[in-house]
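These figures come from a predicted structure and were not determined experimentally. We count ligands from 1, going down the list as the structure has it; atoms in each ligand are counted the same way.
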Amino acid sequence: MKKRILSGMRPTGRLHLGHYFGVLQNWVALQEDYDCFFMVADWHALTSEWKNAGAITANIRENAADWIAAGVDPEKSTVFVQSAVPEHAELALVLSCITPLGWLERVPTYKEAQQQLAEKGVDNYAFLGYPVLQAADILLYKGNVVPVGEDQLPHLELTREIVRRFHSTFACELFPEPAAKLTPTPRLMGLDGRRMSKSFGNTIDLSEELPSAEKKVKAMFTDPNRKKRSDPGNPQICNVFSFHGMLNSKERHAKIETDCRTAQIGCVECKAELAGRMLDWLRPIQERRAELLAEPGKLDRILEAGTARARQVAAQTMKEVREAVFKSR
Ligand code: SF4
């Protein structure tokens, strides 16, 4: 039997290249070897976006369409919406009873995120309890493995601590202690060299109009020391070069490096090539997206089927949780 994976994404905006190379690419690979549950984490989004909750709803379908267009296959993976499975909230409540406040206050990313998102009003109870909801997400499906980047390891360790406390408190062995699957998350910087983020306005979205994507690539900064075409460049400090690494073959990437260092290629030409690669890469994703959305109700049916499957598993787990906690059904 395949091991089970639970992973999710907060529907807080349009998905961009950073989401693809940081998360979606891994999901597409993982679904071949694991029983994957991929969740549109709208309740997680609500913990910080509660002032603008309507936008979350609009993003749910947009994000799910991008996932499928990018290669997540609903025939292989269970794709569902978190809030359509109320057992997430129920299990989170049970787990919150056995989770000491100190464990949550110690999560290294909490204080930092609270400062970064201060204007959103994240001094709320739900934002502090975010890792408990995350634990509920994983445990509801008895996930064996969770794909994480290094920065999320403390969150997963907290889930493992909650599992141990649940078992010792209620004298049972209900959940596997989920293991981390460290996934390669290549750092794709935004068009301006900062972290790619909607809030910096430096993204290329998966659904970006192609002429707009082309224009953005052609306006990217390059090695600032390369003043003339005949100056040798340093690709290691050029973001265009990193993008080539994501979209081109290893051989072509290596050749661009050599040609840049020896001034065999100019920046205008180099960016034009990247723009061409970018459009060739985006086009099939956007065609699959258009095809999916052109058939009325298809995406909704996919989400409904995924949610029904998720609910079946979640309902069984909650039955076992109630038996363990209350010694009754
Ligand atoms: S030639 Fe390409 S890699 Fe080199 S500095 Fe110009 S844009 Fe960057």
Does a side-chain N-to-carboxylate-O contact under 4.0 Å join Glu208 and Arg14? no
For Lys51, does the NZ atom sit with more than 12 other heavy atoms under 6.0 Å from it, leaving out its own atoms? yes
Indicate yes or no: at least one non-hydrogen side-chain atom of Ile256 is less than 4.5 angstrom from one of Cys270. yes
So, Trp50 versus Phe127, ring centres under 6.0 angstrom or not? no
Any chance you could measure Leu206, atom CG, to Asp66, atom CG, to the nearest 0.5 Å? 5.0 Å
Quick one: side-chain contact (heavy atoms from CB on, under 4.5 Å) partners of Arg309, sequence neighbours excluded? Arg4, Asp35, Phe37, Thr78
Under 2.8 Å from atom 8 (Fe) of ligand 1, which protein N, O or S atoms do you find? Ignore water molecules. Cys238 SG
